Amino acid sequence: MSLKIEDNEVDIVIAALRPNLNTFLEAWRTFFSNFHLIIVKDPNLEEDLQIPPGFDHQVYTKSDMDRVLNGASINFSGHSCRYFGYLISRKKYIISVDDDCLPARDNSGVIVDAVTQHISNLQTPATPFFFNTLYDPYRQGADFVRGYPFSLRDGVECLLSCGLWLNIADYDAPTQIVKPSERNTRYVDAVMTVPLRAMMPLSGINIGFNREVLGPALVPGLRLVGEGKRRWETIEDIWSGMCAKVVCDHLGYGVKSGLPYVWRGVGSDTDNPMDSLKKEWEGVKLMEEIVPFFQSVKLPKTAVTAADCVIEISRMARENLASLNPVYAQAADTMEAWVNLWKVAGSDRL
Amino acid sequence: MAKESSSSIPCTPFLKDELDIVIPTIRNLDFLEMWRPFFQPYHLIIVQDGDPSKTINVPEGFDYELYNRNDINRILGPKAACISFKDSACRCFGYMVSKKKYIYTIDDDCFVAKDPTGKEINALEQHIKNLLTPATPHFFNTLYDPFRDGADFVRGYPFSLREGAQTAVSHGLWLNIPDYDAPTQLVKPRERNTRYVDAVLTIPKGTLFPMCGMNLAFDRELIGPAMYFGLMGDGQPIGRYDDMWAGWCTKVICDHLGLGIKTGLPYIWHSKASNPFVNLKKEYKGIFWQEELIPFFQSAVLSKECTTVQKCYIELSKQVREKLGKIDPYFTKLADAMVTWIEAWDDLNPPKGAAEVPNGPAKGK
């Protein structure tokens, strides 16, 4: 049941939070060269972007966002600018990597083509209904193990591929403070499906997804009051990841986690995390409410698309969470605005 | 924890007096020679399957007790009917007679594997680490086991869930001959598992998995009574589903009691590929039956009153009788055997302070 994804069905979305993309793009050149790049400039970034020649790309800036938004209240600043890229793309698949990540090397020292790995993850089925102890059964040299029901071996389409990071792992601020020199050096050679109903924190640093089906669910909903530029000062991706997982579970699709790795380190969150702790702490507290909320979300049978699901989730968020913290009401509003915008963006050239 | 020297002989055998190694065998125990540096400090419980008149040679220097079919019959009396004959499922007798807190069970065709650096893997040590650190069944950590050196919980992992749950089971994997079913073996006779995945992870709550008994450790005090390996082998319509059955029951009960199950490291080297045609005969019914078994286990709900493993297991046996009995009379027999197992477990493992059980085991040195 594996699909074949062509290069021209994929856009690579880069959120430019820093102006100089030379190092980043040169490092990825071999792997990006066959693809169209959507480079979205953080609306708060003043300087012009520096982009090396030879890339098929389009840059989007604040003025594009204003034009498309046409008054809708969605904040695309900081890390959330990438969602504009997801929206504006016309391709079926998106791959997105943070601009402070370079290609990693595997255990044999070979440079990892993260793009091809994400595509492979999206092309082969996911297996959310039963855990395979040899991980992804579709990988070369692996298969379903004894005891895996045959009726479940077709799997389901994988809509979201969550990659990982070597070197600076995606930790929150408290963990960074406690372990300032810890680096992730463990290359785990596995891709696996995150089982049905299991919740996970999506890190937006390195992902690939099926925009056509899942796009509306990757929503820039939750902004921390003090959201900042460092990854640990945001949880926008955590929130959208939970939405995406709930939507996939409901619609019968899969989410994979594991390979590919990227090397995270160039200009990453290496500043003093103490400064961020004040901002981050808000996010840490919110997770205590967010997780039980998503674990309890039950979507009606009538929700048959990602957009339907997101509207339902926004309604439930408003009902169950808004009284706890104003950010949730804001998230609910943003989710609705996002779905409406998606309907327009999906159907028309803007 | 102590780091190993290059000769890989452990400096400190952890839990030496709290762990038994249970080995089912029908042929010989030559494989123990390779494991000697790692296993010698521990007590072995050998469950001899097949012809009890055959003498199984145990290599010198191991501290062990050995049970053959005569011993099983003598110790359990009529309840011995719940212990399989001519199938490695008989190993669960070893769990029952053990007096230790932890069990490690391994097949006699499993050898010491090497990690990618060429270093020999101390599988037992890794299992112990897995059991002594918490599991995280309530929320998936994308960096796998956060309690491993060099890892942690990722951004977004709720702090209130970071204590984790007690780990009841540590499920290890195998390099070389993978644990495939017969159809897959027939289609891919040459496939070997060469991929060393350097991860331990918790299987999320609510998710079932196929548990393999080749390289398995568990906390007997936390989950022992759920580790019944069913009715297999001689006189039974099915084989090679013993560990599967135990795994599904165990997972449902662990989920209910808030315990965790880990899978991944350690790897052992599985050397022997069993005959796929023989396997197909054994598994045949299982392949069809598991299509009904999986939905059964996925939807199994245990009542709040099931506060101990035994109570959970008895309740599960009732559901097996009720819902699976109609698939085949085998399941009614199995439900009976599940009850017998618990009765036998409680006989051999009375609450502390109760009288000693007569007909004690045959010890060997």
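Because only heavy atoms are used, hydrogens play no part in the values below, and waters and symmetry mates are left out as well, while side chains stay in. Bear in mind that the values here come from a model prediction, so they are computed numbers and not experimental data. Proteins get letters first, then strands, A, B, ... in listed order; numbering begins at 1 in each.
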Closest contact, heavy atoms only, [X] versus [Y]:
{"X": "Phe140(B)", "Y": "Pro201(A)", "answer": "O-CD, 3.1 Å"}
{"X": "Tyr148(A)", "Y": "Gln290(B)", "answer": "O-NE2, 3.3 Å"}
{"X": "Gly147(A)", "Y": "Met244(B)", "answer": "CA-SD, 3.5 Å"}
{"X": "Tyr171(A)", "Y": "Phe153(B)", "answer": "CD2-O, 3.4 Å"}

Heavy-atom pairs under 4.5 Å with chain A: which of [options] has the most?
{"options": "Asn193(B), Asn279(B), Leu173(B), Leu293(B)", "answer": "Leu173(B)"}
{"options": "Tyr241(B), Tyr144(B), Phe288(B), Trp248(B)", "answer": "Tyr144(B)"}
{"options": "Pro204(B), Gly150(B), Pro137(B)", "answer": "Gly150(B)"}
{"options": "Thr207(B), Ile287(B), Leu161(B)", "answer": "Thr207(B)"}

Relative to chain B, which segment of [X] carries a heavy atom at a distance below 4.5 Å: side chain, backbone, both, or neither?
{"X": "Val194(A)", "result": "side chain"}
{"X": "Leu164(A)", "result": "side chain"}
{"X": "Leu134(A)", "result": "side chain"}
{"X": "Tyr135(A)", "result": "side chain"}
{"X": "Thr175(A)", "result": "side chain"}
{"X": "Asp237(A)", "result": "side chain"}

[Y] backbone acceptor or donor facing [X] side chain under 3.5 Å:
{"X": "Arg146(A)", "Y": "Arg240(B)", "answer": "yes"}
{"X": "Gln298(B)", "Y": "Phe129(A)", "answer": "yes"}
{"X": "Gln295(A)", "Y": "His138(B)", "answer": "yes"}
{"X": "Lys188(B)", "Y": "Gly141(A)", "answer": "no"}

**Message:** Show, in sequence, the C-alpha distance, side-chain angles and deciding distance for Met287(A) and Phe159(B), and conclude whether the side chain to side chain contact (heavy atoms under 4.5 Å, CB included) test is met.
**Reply:** CA-CA 8 Å; Met287(A) 287 311 300; Phe159(B) 273 78; over 6 Å; no
I'd like to know whether [atom1] of [X] has more than 12 heavy-atom contacts from other residues, nucleotides or ligands below 6.0 angstrom.
{"X": "Phe277(B)", "atom1": "CZ", "result": "no"}
{"X": "Arg197(A)", "atom1": "CZ", "result": "no"}
{"X": "Tyr284(B)", "atom1": "OH", "result": "no"}

I'd like to know which of [options] tops the heavy-atom pair count under 4.5 Å against chain B.
{"options": "Asp189(A), Thr185(A), Leu152(A), Leu196(A)", "result": "Asp189(A)"}
{"options": "Asn107(A), Asp143(A), Asn132(A)", "result": "Asp143(A)"}
{"options": "Ala190(A), Pro195(A), Ala198(A)", "result": "Pro195(A)"}
{"options": "Ser257(A), Ser151(A), Cys162(A)", "result": "Ser151(A)"}

Find the distance between [atom1] ([X]) and [atom2] ([Y]) and round it off to the nearest 0.5 Å.
{"X": "Lys179(A)", "Y": "Asp152(B)", "atom1": "NZ", "atom2": "CG", "value": "3.5 Å"}
{"X": "Trp174(B)", "Y": "Thr133(A)", "atom1": "CH2", "atom2": "OG1", "value": "4.0 Å"}
{"X": "Phe139(B)", "Y": "Phe294(A)", "atom1": "CZ", "atom2": "CZ", "value": "10.0 Å"}

**Message:** So that I can tick it off, tell me whether Asp181(B) and Arg153(A) are bridged by a salt bridge, with the cut-off set at under 4.0 angstrom between side-chain N and carboxylate O.
**Reply:**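 Judged by the 4.0 Å cut-off on N to carboxylate O distance, Arg153(A) and Asp181(B) do form a salt bridge.
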**Prompt:** Does any heavy atom of chain A fall under 4.5 Å from the side chain of Asp243(B), the backbone, both, or neither of them?
**Reply:** side chain
**Item:** Lys251(B) side chain near Phe131(A) side chain, heavy-atom distance below 4.5 Å
**Value:** no
**Request:** Determine, stepwise, if the pair Arg162(B) / Asp172(A) fulfils salt bridge (Lys or Arg N to Asp or Glu O under 4.0 Å).
**Result:** CA-CA 13 Å; Arg162(B) 295 192 188 200; Asp172(A) 50 50; 2.6 Å; yes
